[in-house]
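Heads up: the structure comes next, in structure tokens.
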Amino acid sequence: MRLKDNVSIVTGAGSGIGRGIALLFGKEGSKVVVADVVPETGEETVKIIRSNGGEAYFVRTDVSKSPEVEGLVKRCIENYGRLNILCNNAGILSDEQGLFTDLKEDYWDRIIDVNLKSVFLCCKYAVPEMIQGGGGSIVNISSIAGLIKSPHLAYAASKGGIIALTRSLSMQLADYNIRANVICPGGVDTPGVSEARQKSKEKNDVIVRQRLIDRIGIPEDIGYAAVYLASGEASYVTGSVFTVDGGSLRG
């Protein structure tokens, strides 16, 4: 087991990519703290991990709120005594329409708070515990929207911000034996993407045509990359940006 004797927090682990990561972390031997804002889906992830022989529990967390993130990390330490791996996956998609000048300020704030500020908050409270434990690994989930030209201004800004933040973290935390890397998924069949595909065959065809590999991604595709970055196999990898997008043709 590649993550045996580790304790991990995975945010947004109630569905989609977050659930895929949490399940694989559990399968590879990590004790998993499942964090999500929706109790029903978060508890379901825990049940699946346990049914597969893993160990996990759920903490309802709004990762955009400092007291809740602080409480999440506190619960992790109370239950497991340490924290080795932090996977910041929680995020929301954007349905921006029209010119950016029409974008509402509160909408901008919401996207930035959930997608980017949450990464800062989780690291802020998790890193001291990781330092005390002798080090660890941070795996942040961004998007190819942070790398390519995207019409979705707030979403692209939030995902690009995660990449810049991760690179800075890797510099600040190297002396503490903490690695920080970022994964940029593209075209993964999450609930939001699945809904769009079902509504429009044209949308589905476009998603598939935009990549070299002739299929849409699944959460486990991202999960396997996260396991690698969290594990000792990536002990010489930090500050890196991993695209897991089927060979996207967009740029």
Side-chain angles (χ1 to χ4, degrees), residues 1-13 17-18 21-22 24-26 28-35 55-56 59 61 63-64 66 68-91 115-143 146 158-185 222-244:
M1 290 187 175
R2 300 157 76 186
L3 303 180
K4 186 178 180 181
D5 299 325
N6 282 277
V7 175
S8 58
I9 290 176
V10 182
T11 68
I17 291 172
I21 292 170
L24 285 173
F25 277 13
E28 292 293 340
S30 175
K31 298 177 176 66
V32 185
V33 180
V34 172
E55 185 172 347
V59 180
T61 312
V63 291
S64 70
S66 184
E68 296 199 24
V69 174
E70 184 178 18
L72 166 66
V73 174
K74 184 178 179 181
R75 286 276 304 278
C76 175
I77 300 304
E78 287 174 349
N79 280 270
Y80 292 135
R82 66 187 187 282
L83 174 58
N84 311 103
I85 301 164
L86 171 65
C87 182
N88 289 303
N89 163 80
N115 290 2
L116 179 57
K117 180 184 174 183
S118 65
V119 178
F120 160 71
L121 290 176
C122 288
C123 291
K124 175 181 174 65
Y125 291 109
V127 162
E129 300 298 340
M130 298 172 81
I131 291 174
Q132 188 168 333
S137 175
I138 297 170
V139 181
N140 294 327
I141 308 301
S142 177
S143 167
S158 70
K159 294 302 184 177
I162 292 173
I163 295 169
L165 175 60
T166 305
R167 286 171 164 160
S168 294
L169 286 169
S170 71
M171 295 186 68
Q172 291 203 9
L173 299 178
D175 289 343
Y176 298 101
N177 193 34
I178 298 175
R179 297 177 296 104
N181 294 287
V182 60
I183 300 173
C184 293
I222 313 305
Y224 285 119
V227 168
Y228 165 70
L229 291 173
S231 75
E233 296 170 6
S235 62
Y236 197 53
V237 181
T238 194
S240 293
V241 180
F242 281 65
T243 55
V244 184

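We use all heavy atoms of the structure for the numbers below, so side chains are in, but hydrogens, waters and symmetry mates are not.
Using a 4.5 Å heavy-atom threshold, the side chains of Ile138 and Val127 count as touching. In this structure, Val59 and Val34 have side chains that are not in contact, with every pair of non-hydrogen atoms separated by 4.5 Å or more. Residues Asn84 and Ser137 fail the side-chain proximity criterion, which asks for heavy atoms closer than 4.5 Å. Between Leu86 and Val139, every side-chain heavy-atom pair lies at or beyond the 4.5 Å cut-off. Side-chain atoms of Tyr228 and Val237, non-hydrogen and from C-beta on, do get closer than 4.5 Å to each other. At a threshold of 4.5 Å between non-hydrogen side-chain atoms, the residues Phe25 and Val227 count as touching. Inter-residue side-chain proximity for Val241 and Arg167 is flagged as met; some heavy-atom pair is nearer than 4.5 Å. Side-chain contact check for Pro185 versus Ile141: some heavy-atom pair is nearer than 4.5 Å.
Using a 4.0 Å cut-off between charged side-chain N and carboxylate O, Arg2 and Glu233 make a salt bridge.
Judged by distance alone, with hydrogens and angles left aside, the side-chain atoms of Ser142 form a donor-acceptor pair with the main-chain N or O of Lys159 at under 3.5 Å. At least one donor-acceptor pair under 3.5 Å links the side chain of Asn177 to the backbone N or O of Gly134. Judged by distance alone, the side chain of Arg82 and the main-chain N or O of Met130 form no donor-acceptor pair under 3.5 Å. Judged purely by atom type and a 3.5 angstrom limit, Asn181 uses its side chain to pair as donor or acceptor with the backbone of Gly239. The main-chain N or O of Ala180 is found under 3.5 Å from a side-chain atom of Thr238 such that the two form a donor-acceptor pair.
When all heavy atoms are compared, the tightest approach of Gly18 to Val10 is O-CG1, 3.7 Å. Nearest approach of Val244 to Ala225, heavy atoms of both residues: CG2-CB, 4.0 Å. Annotation for Ser66 and Leu121: closest pair N-CD1, 3.8 Å, computed over non-hydrogen atoms. Closest non-hydrogen pair, Leu169 versus Cys123, comes out as CD1-SG, 3.7 Å. Closest approach of Ala226 to Ile183, counting heavy atoms only: N-CD1, 3.6 Å. Between Val69 and Cys122 the shortest heavy-atom distance is CG1-CA, 3.6 Å.
Taken from CG in Asn79 to NZ in Lys74, the straight-line distance is 12.0 Å, to the nearest 0.5 Å. Interatomic distance, Glu55 CD to Lys31 NZ, rounded to the nearest 0.5 Å: 5.0 Å. Atom OG of residue Ser8 and atom OH of residue Tyr80 lie 9.0 Å apart, to the nearest 0.5 angstrom. Separation of atoms OG (Ser231) and NZ (Lys4) is listed at 15.5 Å; rounding is to 0.5 Å. For the atom pair Cys87 SG and Leu24 CG, the distance stands at 11.0 Å (nearest 0.5 Å). Expressed to the nearest 0.5 Å, how far CD1 of Ile77 lies from CD of Glu129 amounts to 4.0 Å.
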Run the numbers on Cys184 and Ile163 for side-chain contact (heavy atoms from CB on, under 4.5 Å), then give the verdict. CA-CA 9 Å; Cys184 293; Ile163 295 169; 3.8 Å; yes
Determine, stepwise, if the pair Ser30 / Asn6 fulfils side chain to side chain donor-acceptor pair (under 3.5 Å). CA-CA 5 Å; Ser30 175; Asn6 282 277; over 6 Å; no
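Side-chain atoms of Asn89 and Thr11 include no donor-acceptor pair closer than 3.5 Å.
For Glu70, the salt bridge (Lys or Arg N to Asp or Glu O under 4.0 Å) criterion is met by no residue, not counting sequence neighbours.
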